Participant: 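Quick one: the structure is below, and I'll ask about it shortly.
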Amino acid sequence: MRTTDYLLATQKESPAEAEIISHQLMIRAGLVRKLASGLYTWLPSGLRVLNKVAAIVRDEMNKAGAVEVSMPVVQPADLWQESGRWDDYGPELLRIKDRHERDFVLGPTHEEVITSLVNNEVSSYKQLPLNLYQIQTKFRDEVRPRFGIMRSREFIMKDAYSFHLDTESLETTYQRMHKAYCNIFDRIGLEYRPVVADSGSIGGAVSHEFHVLADSGEDDIAFSNASDFAANVELAEAICTAGRPTASSDIELIDTPNAKTIADVATLLNVEATQCVKTLFVKASEESDDALVALVLRGDHQLNEIKASKIDGIASPLEMADEAEVKPVTSAGFGSLGPVNLNCRIIVDRSAAVVADFICGANIDEKHYINANWDRDVKTYQIEDIRDVIAGDPSPDGNGTIEIRKGIEVGHIFQLGDKYSKAMNCGVLTESGKHQVLQMGCYGIGVSRIVAAAIEQNHDKYGIIWPDTIAPFQVAIIPMNMHKSPRVAEAASKIYESLIALGVEVLFDDRKERPGVMFNDMELIGVPHSIIIGERNMDNQVVEYKNRQTGDKTTVSIDEIVAFTVDKIGA
RNA sequence: CGGUGAGUGGCGCAGCUUGGUAGCGCACUUGGUUUGGGUCCAAGGGGUCGUAGGUUCAAAUCCUAUCUCACCGACCA
């Protein structure tokens, strides 16, 4: 491709709204343009990358025994009513009407369509297991699209759905897909982790997320420094191996004027936050006799809302009580609450339960207790795991300690079980002639999100550094002042034609631009290999090869540069 | 949906307080200059100042309504 025939669309400046580096670089490098909130046009370079990612995904899916189909973006509402998600999915599901006033949705996912399809096409156990996938546009009407292509409303997703007679077969395919996902991210060259995950609203028992590690990620991933344990912080178990020391002092009521937060109290009393406990009040579930439940955590720990909401008697999703609701129970306001003399159900985090002689609110405004102790000063309480794990915690698998890193979720696989097949009565006849509801698995990859995630992980101050496998072009030819030097023009054209003939993807910068402009553009776009051709090297019949990733430069003779470059691409 | 902020040429912004008929940088066009890391000079094209209404002799500027967008939060693959 010659740049004069191409739409390079590079920019010096990025829009003010682009907050994260991948978004800025995708605009500046001419990969995408925003049309409206959460809606993006893919420019030629961006589309090339997107297609390469899709091709790798497709190849690995095929190798893993999945079969490609393509389902409509627009889906009839009755399918969604049948599965129950017409009511459950909420405003993220974009609903539209056709000219006959019939309801449709823009598909955010395709469980309903695929289940309907399989129900119609598969009627015997002999046809199972079956794994169908597609790579296609999804639409989710996100409350707040952000980070460019990372969380957009319209995006490209690979979604696969497998169907099985029993859970053993589901497990086998699940493991096969797990491996295929690892192959995909390995091939693309990303640093990633498969992590144990909460299956959330999609349902099912077993679930793994695949995260690309990047500081701009929206999820916290906990993993062991000594084993392959990795889990989303949402559900990573917080282990407490320590025992509780015996109480050493009598409980004492002290004045703590204007000390509202744990940090205030710790500073005032000159102690560590770990010696304090904090008490939060959440609403009890409707069937519970209580109105509120007190949750007690060590001062330096954070409440894990997902863990808390799973405890019997607590409202799910979790609802924090406001000050007006707390006052009648405690007779004190926020900032002075604690478990001592509290007439309310108390749930204590494992780590808070092993603190002795702790500091807590006294349920009297402006006062705290010091040297409070469990059992002695608080008789009735229940111990649960209700906090987020933090760096340094012991790993739940018993090996090593926890580290926390940010991750971008690029894949998620689920063992769905019969949630959809049961709702939509999707089954086959078994060997004995009985109708049996199928087991399902579903497996998603955010194809467009991978493009952004790859940039988050691979860039420098000059621009993008694409892994070879997904770069928009493999090689850039940068001729210096070609329009003034027939020798340079001839050498550049010759090298270009030779590489093209070998099937190499080359971007030949034939613009009448100064060298600096071309260098900067090619580095911004992130082409992995460059060939620099200048008049000063013509007398020796050599050109320069430059590697974007390492920055290494090598002088190579014109006769050998094509073979040299092809070798570099292969390496 | 709550909080905050912003809408002025393709992008980044100034002008608004104190109304007087729109400007700067980048990008674009033309000519020249320069040519191994975003040269420099000159000339030029492009904007009903988000939209609607109001005040006024006069509105980008003041008032009202409305729309859109971004960031934080909530929510959510």
Side-chain angles (χ1 to χ4, degrees), chain A residues 7-20 23-24 27-28 30 33-39 43 88-93 107-111 138-148 150-153 155-159 197-203 207-211 217-219 232 234 305-306 317-320 407-414 442-449 453 461-463 478-485 488 509 511-524 530-538 543-544 546 551 553 555:
Chain A
L7 184 61
L8 209 52
T10 54
Q11 297 183 166
K12 279 189 187 174
E13 291 175 293
S14 54
E17 70 200 42
E19 287 285 308
I20 63 171
H23 188 193
Q24 294 169 6
I27 303 288
R28 289 224 290 134
R33 287 291 183 268
K34 187 171 81 168
L35 179 65
S37 179
L39 301 174
L43 297 175
D88 294 347
Y89 210 96
E92 215 176 288
L93 180 64
T109 173
H110 281 68
E111 279 85 3
K138 296 278 184 284
F139 193 95
R140 294 183 188 174
D141 202 357
E142 292 280 349
V143 186
R144 183 153 87 84
R146 63 186 125 171
F147 302 148
M150 194 83 84
R151 183 172 292 276
S152 52
R153 295 197 288 179
F155 59 99
I156 307 291
M157 181 167 164
K158 187 285 300 176
D159 47 327
D198 185 41
S199 49
S201 61
I202 297 220
S207 158
H208 285 83
E209 294 169 342
F210 288 78
H211 283 266
E218 295 187 86
D219 290 89
N232 195 307
E234 285 178 352
E305 299 197 5
I306 289 178
L318 199 72
E319 281 186 83
M320 300 298 292
I408 299 166
E409 184 189 344
V410 290
H412 201 162
I413 58 177
F414 303 80
C442 81
Y443 319 90
I445 283 186
V447 175
S448 44
R449 187 180 278 185
K461 62 178 176 175
Y462 302 108
I478 307 176
M480 316 268 102
N481 302 307
M482 182 173 80
H483 301 87
K484 288 250 176 83
S485 166
V488 169
D509 200 347
R511 291 176 297 174
K512 197 176 176 180
E513 285 287 355
R514 290 167 56 84
V517 172
M518 293 195 275
F519 284 132
N520 282 314
D521 271 347
M522 293 306 125
E523 277 161 7
L524 175 61
S530 295
I531 298 169
I532 300 150
I533 304 163
E535 176 64 28
R536 67 148 93 137
N537 283 326
M538 280 300 108
V543 296
E544 195 174 5
K546 185 174 179 186
K553 292 180 188 174
T555 302

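A note on names: the letters A, B, ... follow the listed sequences, proteins ahead of strands, and every chain is numbered from 1. Atom set for the values below is all heavy atoms of this structure, side chains included, hydrogens, waters and symmetry mates excluded. Owing to the predicted nature of the structure, the values given are computational and were not obtained by experimental measurement.
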Participant: For a quick check of understanding: with a heavy-atom distance under 4.0 Å over all strands, which category does A:I532 fall into, base, sugar-phosphate or nothing?
Facilitator: base
Participant: Could you run through nucleotides 40-45 of chain B and give me one letter per nucleotide, 5' to 3': B if any protein heavy atom sits under 4.0 Å from the base, S if only the sugar-phosphate is that close, - if neither?
Facilitator: ------
Participant: Looking at B:C75, B:G37, B:U35, which one has an atom nearest to any side-chain atom of A:N481?
Facilitator: B:U35
Participant: Counting primed atoms plus P, OP1 and OP2 as sugar-phosphate and everything else as base, spell out the protein contacts along nucleotides 24-29 of chain B at 4.0 Å heavy-atom distance: B, S or - for each nucleotide, 5' to 3'.
Facilitator: -BSS--
Participant: Counting side-chain heavy atoms from CB outward, which of B:G38, B:G37, B:G36 is closest to A:R28?
Facilitator: B:G38
Participant: Mind listing the N/O atom pairs, protein and nucleotides 69-71 of chain B, below 3.5 Å?
Facilitator:
residue	atom	partner	partner atom	Å
B:A70	OP1	A:S37	OG	3.2
B:A70	OP2	A:S37	OG	3.3
B:C71	OP2	A:R144	NH1	3.3

Participant: Could you pull out all residues at least two apart from A:H23 that satisfy ring-ring contact (aromatic ring centres under 6.0 Å, His included)?
Facilitator: none
Participant: Partners of A:S530 by side chain to side chain donor-acceptor pair (under 3.5 Å), sequence neighbours excluded?
Facilitator: none
Participant: When you compare the side chain of A:I478 with that of A:K546, does any pair of heavy atoms fall below 4.5 Å?
Facilitator: no
Participant: With a cut-off of less than 4.0 Å, is there a side-chain N or O of A:R536 near OP1 or OP2 of B:G36?
Facilitator: no
Participant: When we call it a touch if two heavy atoms are under 4.0 Å apart, what does A:D219 touch: a base, just sugar-phosphate, or nothing?
Facilitator: base
Participant: Which part of the nucleic acid, if any, lies within contact of A:D159, taking any heavy atom under 4.0 Å across all strands shown: a base, the sugar-phosphate backbone alone, or nothing?
Facilitator: nothing
Participant: The criterion is side chain to side chain contact (heavy atoms under 4.5 Å, CB included); which residues satisfy it with A:R33, sequence neighbours excluded?
Facilitator: A:A9, A:Q11, A:I27, A:L43
